[in-house]
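The next block holds one structure in the form of structure tokens; read it before the comments.
Throughout, protein chains are lettered first and strands after them, A, B, ... in sequence-line order, and every chain is numbered starting at 1.
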Amino acid sequence: MLQIQNQSLRPLTTAHLAQTMSLLTLPNLELRDRIMSELATNPALELVEERICPTCRRRLISGGPCPACARPEGEGPIVFLSSRDSSRSSRQTGQEESPLDREPVAPENLAAHVLEQLAADLSPEDRPLAAYILAGLDEDGFLQDHPAYIARATHSTLSQVTEVLDLIARADPPGLATTGPREALLAQLNLLGAENPNVLLARRMLAETFSELGRREFERISERLSIRVESVRQAAGFIRDNLNPYPARAFWGSGRQAQASDPNVYHNPDIQISFSPSATQGAIVVEVFAPVSGWLRVNPLFRQAMAQATEEHSAEWAQDLDRAALFVKCLQQRNNTMRRLMEILATNQHDFITRGDRHLQPLTRARLATQIGVHESTISRAVAHKSVALPDGRIVPLARFFDRSLSVRDRIKEIVHGEPRPLTDDEIAATLEREGIHVARRTIAKYRAMEGILPARLRHRKQAGAAARA
DNA sequence: CTATGGCACGGATT
DNA sequence: AATCCGTGCCATAG
């Protein structure tokens, strides 16, 4: 089947492979940027509106029947591609009910407020551009469209757009018109003087360990950056107290920055696994989010126009056409790989998904690779930098599906929780041995550390080692 | 003397 | 080829 795909692709070259690989590695949000800039620079590419399945109302990205509905609802996972783009998903799912009294503020007010401030710095011809940008922000104050897309829509240059974006980000609700909570926080940070040592560390934490920060894994951050845990906590507190991940909410006073550090809102999943609505015992639905809503194809009109292209342009156009075809092909391949990957993963790790960490089965990328007949490095790339939302609301890295020790660590947590007398690592090892799990004493110590469990000596009375959980 | 954590090594994984 | 992970050895804290 691979041959068929390859045949249909004219410039079957190393470039093709290289691009497929690099796209595979990208998480959805970054892929989205890639697609947008490609879209903005290549006239042969076209973004087609999404279709909505008439029965289940899910959006589809390619032709053919809706995979969710067409499939007879049996046992086994249902895996399909969803064109809901992932930036929205975390909001619709999980416990993010957020009774936040989000008064439906008229966005015009915010836009006007910002425009007023910018009046002095803004050249007249950039005014409409700024207005366009402000109008396109979502209710949290984030940028919806890729800069390149905006440039095209407003007939501006990319540098103009970025310039104006920068101005807006410095205006009163600071961090406005950024692409997400992280960028908003960073923008706000840049406005603060660097005299505070927290600022420096905070910037590093945001840049390098953002998802860990969202999950409040301070120990891990401290490890990664080789900074004392205390400093990390301090910087995290600084971020919480002085910055706001949702600039628009802050502006409307009511914001009170609610729960500024909800672990889940920071991180948008690339994949979502949920229980099937028609709950047939444990049936699950796996959605592989598309990076953009709608789907990409080579613009048929462009292809048509190729016919009567003048010679001076034809070479250039042909190049665009090839580029577009290649890009589309690569994306399809990426989708295909992700889908097959998740299908196997969901089947194989069904118990882990539905019943929790304990039931994670040891599985290596290499084994999986032979199962679906691709090179192991392909799997590595597919798994890297992706995150998945589990039915229980947790958002975890996809790599967790390959964690060799997760189930054992989970068991250790339980043992420690259950035993009245603090057990030493040796005793824990013995307990596990009795259950048929063989791990060295030294390894127990490491697992304990990973889970933030104190050594036996220190959890004498009550182990209140309530690390980041939930 | 016992329980732990640091360092480092070899084998597995990516 | 580079990286990760489990483990053994040894120093040290209690």
Fill in: Closest-nucleotide ordering on DNA chain B, the 5'-leading residue of Leu423(A) and Lys446(A)
Leu423(A)

Worksheet item: Within the structure, does a side-chain N or O atom of Ser377(A) lie under 4.0 Å from either OP1 or OP2 of dT14(B)?
Response: no

Worksheet, complete the sentence: Checking dT4(B), dG8(C), dG6(C) against the side chain of Thr443(A) (C-beta onward), the nearest is dG6(C)

Worksheet item: Whole-Å distance between dT7(C) C1' and Tyr447(A) OH?
Response: 10 Å

Worksheet, complete the sentence: Whole-Å distance, Arg448(A) CZ to dG6(C) P, equals 15 Å

Item to complete: Look at the side chain of Asn42(A) and the backbone N and O of Asp320(A), then say whether any donor-acceptor pair between them is shorter than 3.5 Å.
Response: yes

Discussion item. Need one value for Arg404(A): base, sugar-phosphate or nothing, where a base atom within 4.0 Å counts as base even if backbone is also close, heavy atoms only.
Written reply: sugar-phosphate

Response to the item:
When rounded to whole Å, the CD to C1' distance for the pair Glu376(A) and dT13(B) reads 8 Å

Discussion item. Would the distance check show the side chain of Arg182(A) and the main-chain N or O of Leu206(A) forming a donor-acceptor pair, the cut-off being under 3.5 Å?
Written reply: yes

Item to complete: Round to a whole Å and report the spacing from CG of Leu454(A) to P of dA3(B).
Response: 17 Å

Item to complete: Quick one: label Ser380(A) by what it contacts on the DNA or RNA (base, sugar-phosphate, nothing), any heavy atom closer than 4.0 Å.
Response: sugar-phosphate

Worksheet, complete the sentence: From CD1 of Ile444(A) across to P of dA3(B) the rounded distance in Å is 14 Å

Practice prompt. Provide, to the nearest angstrom, the distance between the CZ atom belonging to Arg457(A) and the C1' atom belonging to dA3(B).
Written response: 6 Å

Discussion item. Output the rounded distance in Å from CZ (Arg442(A)) to C1' (dT2(B)).
Written reply: 15 Å

Worksheet entry | Among dG6(C), dG5(B), dT14(B), the one nearest Arg365(A) by side-chain distance | dT14(B)

Worksheet item: Can you tell which of dT14(B), dG6(B), dT4(B) lies closest to the side chain of Ala366(A)?
Response: dT14(B)

Item to complete: Please state how far atom CE in Met450(A) lies from atom P in dG5(B), giving the value in whole angstrom units.
Response: 13 Å

Fill in: Polar contact flag, side-chain donor to acceptor under 3.5 angstrom, Ser405(A)-Asp403(A)
yes

Item to complete: Please tell me which of Glu427(A) and Phe402(A) maps to the more 5' nucleotide of DNA chain B, matching each residue to the nucleotide holding its nearest heavy atom.
Response: Glu427(A)

Discussion item. Of the options dT2(B), dG5(B), dT7(C), whose atoms approach the side-chain atoms of His438(A) most closely?
Written reply: dT7(C)

Discussion item. Let's see if you can work this out: which of dA8(B), dG8(C), dT14(B) has an atom nearest to the side-chain heavy atoms of Thr364(A)?
Written reply: dT14(B)

